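Only heavy atoms go into these numbers, but all of them, side chains included; no hydrogens, no water, no symmetry mates. Remember, it's a predicted structure, so these values are computed and weren't measured experimentally. Convention: sequence-line order gives letters A, B, ...; per-chain numbering from 1.
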Amino acid sequence: MSRVLSEQEQLRRKALADLREKGIEPYPAAMFHVDTMAKDVKQNYNDEQKNFSEVVMAGRLMSRRIMGKAAFAELQDASGKIQIYINRDEICKGEDKSLYNDVFKKHLDIGDIIGIKGNAFKTQVGETSINVKELTVLTKSLKPLPIVKTDKEGKAHDAFTDPEQRYRRRYVDLIVNPQVKETFIKRTKVINSMRQFFNERGYLEVETPILQPIPGGAAARPFITHHNALNTELYLRVANELYLKRLIVGGFDGVYEFAKDFRNEGMDRTHNPEFTVLEIYVAYKDYNWMMDFTEQMLEKVAKDVVGKTNVEFQGKEINFKAPFARVPILEAIKNHTGVEVSGMNESELRETCKKLGLEVDETMGKAKLIDELFGELCEKHYVQPTFIIDYPVEMSPLCKKHRDNPELTERFELMINGKEVANAYTELNDPIDQLERFQEQLKLSEKGDDEAMFIDLDFVRALEYGMPPTSGMGIGIDRLVMFLTNNTSIQEVLFFPQMRPERKAVELSEAEKAILEILKREKSMELNTLKEQSGLSNKQWDKGIKGLTKHSLVKVNKSDEGLKVDLL
RNA sequence: GACUUGUUAGCUCAGCUGGCAGAGCACAUCCCUUUUAAGGAUGGGGUCCUGGGUUCGAACCCCAGACAAGUCACCA
């Protein structure tokens, strides 16, 4: 790959070579025994119990202030930054001052990783620092980092903020933006907190297939892939629901999975093609139990992650203290539109939507129309965590019919700040009903609904063996983390959000490609032979070979035997 | 998928009505032994996203494209 190095990159490569020339390996193999972290020293410097008179630390150089024979620098380890003080005569006890004058001052740069040994002290200005006695080069950094400085008021100067660069080079983002690291630590805490909640209750964490012959469990467009040995189409899962329920059939009382799901749909600030969902299924429970369970879990998660149940989100306060309000969806529609829609047939519903100014079309069934009414006109009102319950039966093909009303299902969605965060059912376990519901979906798909579910006959067969009454719940982890970290974009809570691939830097001309083709076979050739074989005109040859040399893909070497072209 | 905005030095950004490509930080050289975004002096660094067009002349105007962000549509 050909690349043009900036001046600073060239200087760093020179410094790398200079280190090796001095007998210092810039990428040493030996382990470096760190015994102290920056945060510990900064927080506990005054603690008599702690002895910081000889500490060994390692990290990345984040800034340098060199003043002749002494210098201050900042060292950043996994716990944060600490100032270090480097005095020439402290690190170079003898006559040879090159470790300070050359290695530290000339060959080291911001971004390099070093190890130090020294003692903690406070400077005259009162900054806790490490007085360095020994310095070890651990890794030379060849690319300059963005320089972010923070002033006394905590205001960042020249921050690394371009979202594209931050997502494409998340490693750089993590180095220079400490608050980004915080977000991801919280993400892991969310998952750990939930896992602990489930394990304490004896539920089993399981793994189910990502490659599925039938992508079931949700209304969504799947990714398709191909298995060579089986010579068959496989789909990346859109949900793990149907597999987890098979495990309930198999006799587990409670199973859960933190699952990556994949949906081949649009991307925006709340949708990434792959995302994480927690799904849990518990036997002998119903959706009422699951609501209690969910609100208790979320209260615990908020406490574990944020330290309290009141969470600040975009200037609003969201309270995760249980219990949450429970509102039937038809009542929500009545409350916010004044229209009583229960008992309406499809055409009455369509008329109602039109009257209320919603765009509807003929492919939309009852379920979609009600979903439209709720989604457009009601959803946004539920800022505090609220369970919306009892959805119409057509909207929920995997959910048991309501015990008091066959038009409805025992389903809830948890709304937070007007967004759906969790979805749960009293699971449908009547195999005959289930098959009929799948067949309804098939009709919808024939009508043009490209998100209608596939029929999974093996799942129906599993239900025929008998699944105990079960309640299941799914929760979007990414969205929950967004709420708990006060982020409005899903990309901020994914380490590596999906991006369009970066374009290849080098586009070769036809002449260049032709020459390169021949040279790739031979590796090294006499110039005139190569020119003849290429069959190019003098002018095209000249342009081609010059272009390739410029891209540093080939090199023309002159020797006594004549001109040779080498592949680089 | 539609619309809007953006893309200039390693980073953050100016660049007026089309007239020599700019600043701060970073970098280099020299001086400086407890500094705090931050010592002083001097200096180097550019595919102005790409390709066309208009023009005596384009970072700037026009057309097409790439990439990103925001809004909307769809979805979780």
What distance, rounded to whole Å, do you find between the two [atom1] atoms, one in [N] and one in [M]?
N	M	atom1	value
rC13(B)	rA76(B)	C1'	38 Å
rU7(B)	rC60(B)	P	12 Å
rG57(B)	rG52(B)	P	16 Å

Worksheet item: Quick one: does NZ or CZ of R411(A) land under 6.0 Å from the six-membered ring centre of Y391(A), within 45 degrees of the ring axis?
Response: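 Satisfied, under 6.0 Å and within 45°.
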Worksheet entry | Contacts of K97(A) that satisfy salt bridge (Lys or Arg N to Asp or Glu O under 4.0 Å) - sequence neighbours left out |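 Once residues adjacent in sequence are excluded, the partners of K97(A) under the salt bridge (Lys or Arg N to Asp or Glu O under 4.0 Å) criterion are D89(A).
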Worksheet item: Charged N to carboxylate O below 4.0 Å: is that the case for K22(A) and D102(A)?
Response: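 Looking at K22(A) and D102(A), the cut-off is met.
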Got a list of side-chain donor-acceptor pairs under 3.5 Å for residues 171-181 of chain A, not counting sequence neighbours?
from    : atom 1 : to      : atom 2 : distance (Å)
D173(A) : OD1    : R166(A) : NE     : 2.9
D173(A) : OD1    : N177(A) : ND2    : 2.7
D173(A) : OD2    : R166(A) : NE     : 3.3
D173(A) : OD2    : R166(A) : NH2    : 3.3
D173(A) : OD2    : R170(A) : NH1    : 2.8
N177(A) : ND2    : F160(A) : O      : 3.1
K181(A) : NZ     : A78(A)  : O      : 3.1

Discussion item. Categorize A156(A) for me: base, sugar-phosphate, or nothing, with a 4.0 angstrom heavy-atom threshold over every strand shown.
Written reply: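 No contact at all - A156(A) keeps every heavy atom at 4.0 Å or more from the nucleic acid.
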Item to complete: Go through the steps for T485(A) and N487(A) under the test side chain to side chain donor-acceptor pair (under 3.5 Å), then give the verdict.
Response: CA-CA 6 Å; T485(A) 58; N487(A) 277 303; 3.0 Å; yes
Practice prompt. Kindly indicate, with the supporting measurements, whether the criterion side chain to side chain donor-acceptor pair (under 3.5 Å) is fulfilled by E241(A) and Y243(A).
Written response: CA-CA 6 Å; E241(A) 170 154 1; Y243(A) 282 92; over 6 Å; no
Discussion item. So, under a plain 3.5 Å distance rule, would you say the side chain of E164(A) forms a donor-acceptor pair with the base of rA69(B)?
Written reply: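 No pair found.
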Worksheet, complete the sentence: With sugar-phosphate taken as primed atoms, P, OP1 and OP2 and all else as base, the protein-contact string of nucleotides 35-41 of chain B at under 4.0 Å (heavy atoms; B, S, -) is BBBS---
